[in-house]
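A short write-up of the structure that comes next.
Naming: A, B, ... by sequence-line order, numbering from 1 per chain. Just so it is clear, the model here is predicted, and its values are computed rather than measured.
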Protein chains: 2
Amino acid sequence: MKQDISTMADKIRYVQDTLQMINGKWKVPILMSMYGGKNRFRDIQRNIPAITTRVLSKELKDLEANKLVTRTVHDGKPVSISYTLTAYSHTLTPVVDEMIKWGKQHRKGGL
Amino acid sequence: MKQDISTMADKIRYVQDTLQMINGKWKVPILMSMYGGKNRFRDIQRNIPAITTRVLSKELKDLEANKLVTRTVHDGKPVSISYTLTAYSHTLTPVVDEMIKWGKQHRKGGL
DNA sequence: CCGAATCCAATATGATACTG
DNA sequence: CAGTATCATATTGGATTCGG
């Protein structure tokens, strides 16, 4: 078995890289709400309490720029637009799952 | 084996709770840099590239308010002050470890 | 050394209204 | 429905200085 020879400074840099991808209050919740498949803007918004269209719009653009979501325009009358998670975004699942676990066990509001 | 019956809305709330504890660019790196034991302000600052005293001061207060770190004043001439992690802060280890792993595998700068 | 105080810039978030 | 535009506030981050 190999041991982890990363220095603490390395680890801090890794974490900072991760944080840059999912920074802010909204990105992880948005990704979570999209797990099902195709998602329309309005549906995502309904799934995230209290997010405004302005913020959601900006966050979706960030996520797209980071290759975590894909935006697709479906022609038709009227055109519909859907957002889907990329395969890449699924690599974040272990991180997100640990965050869910922690929040569940330690939330202040009680169970 | 029990299944997880949390709804997506629940999970989103859990994650939001977690995010509130570790929000921002600095809290997780600060916690990581403190793993060794007692830490003085100046040492923590040295471990986190580019953090200023103002930010570190504020973040340490937040972390203290959230019971993740303890501030101790050691009498003497001159007095010295140390920060240590609480037992509670160690419950975040799985989250932090996953963030390290992800950052290590996906960082843009290459290995 | 350990911060607090001050000043300021940059981002993030929010409320509301509006367009195609 | 899927956003954009505008305005306002809040939070964060940074530079510098200063006191115990």
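The aromatic ring centroids of B:Tyr14 and A:His106 lie 6.0 Å or more from each other.
Atom CD of B:Gln45 is separated from atom P of D:dG14 by 12 Å (rounded to the nearest Å). Per the geometry, CG belonging to B:Leu19 stands 17 Å off P belonging to D:dT11, to the nearest Å. One atom, NZ of B:Lys38, and another, P of C:dC1, lie 19 Å apart when rounded to the nearest Å. For the pair A:Asp62 CG and D:dG3 C1', the computed distance is 15 Å after rounding to whole Å. Rounded to whole Å, atom C1' of D:dG3 lies 13 Å from atom CD1 of A:Ile51. Straight-line distance from the CG atom of A:Leu56 to the P atom of D:dA2: 10 Å, rounded to whole Å. In this structure, A:Asn39 atom CG and D:dA2 atom C1' are separated by 14 Å, rounded to whole Å. If you measure from atom CD1 of A:Ile48 to atom P of D:dA2, you get 15 Å, rounded to the nearest angstrom.
Between A:Trp26 and C:dT11 there is no side-chain N or O to OP1 or OP2 distance below 4.0 Å. Proximity of B:Lys27 to the phosphate of D:dT12: no side-chain N or O atom is located under 4.0 Å from OP1 or OP2.
With no hydrogens or angles considered, no side-chain donor-acceptor pair links A:Gln16 and A:Arg13 at under 3.5 Å.
In summary, B:Lys58 and B:Asp62 engage in a salt bridge, as defined by a charged side-chain N under 4.0 Å from a carboxylate O. Using a 4.0 Å cut-off between a side-chain N of Lys or Arg and a carboxylate O of Asp or Glu, B:Glu98 and B:Lys101 qualify as a salt bridge.
Looking at A:Thr53 and A:Phe41, their side chains come closer than 4.5 Å, going by heavy atoms from C-beta outward. At a threshold of 4.5 Å between non-hydrogen side-chain atoms, the residues B:Arg71 and B:Leu60 do not count as touching.
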(message) For a quick check, with a 4.0 angstrom heavy-atom cut-off, what is the B/S/- contact string for nucleotides 2-9 of chain C, read 5' to 3'?
(response) SSB-BB--
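Sorted pairs that involve residues 87-96 of chain A and meet salt bridge (Lys or Arg N to Asp or Glu O under 4.0 Å), not counting sequence neighbours, are lacking altogether.
A:Glu59 comes within 4.0 angstrom of the backbone, heavy atoms only, and of no base.
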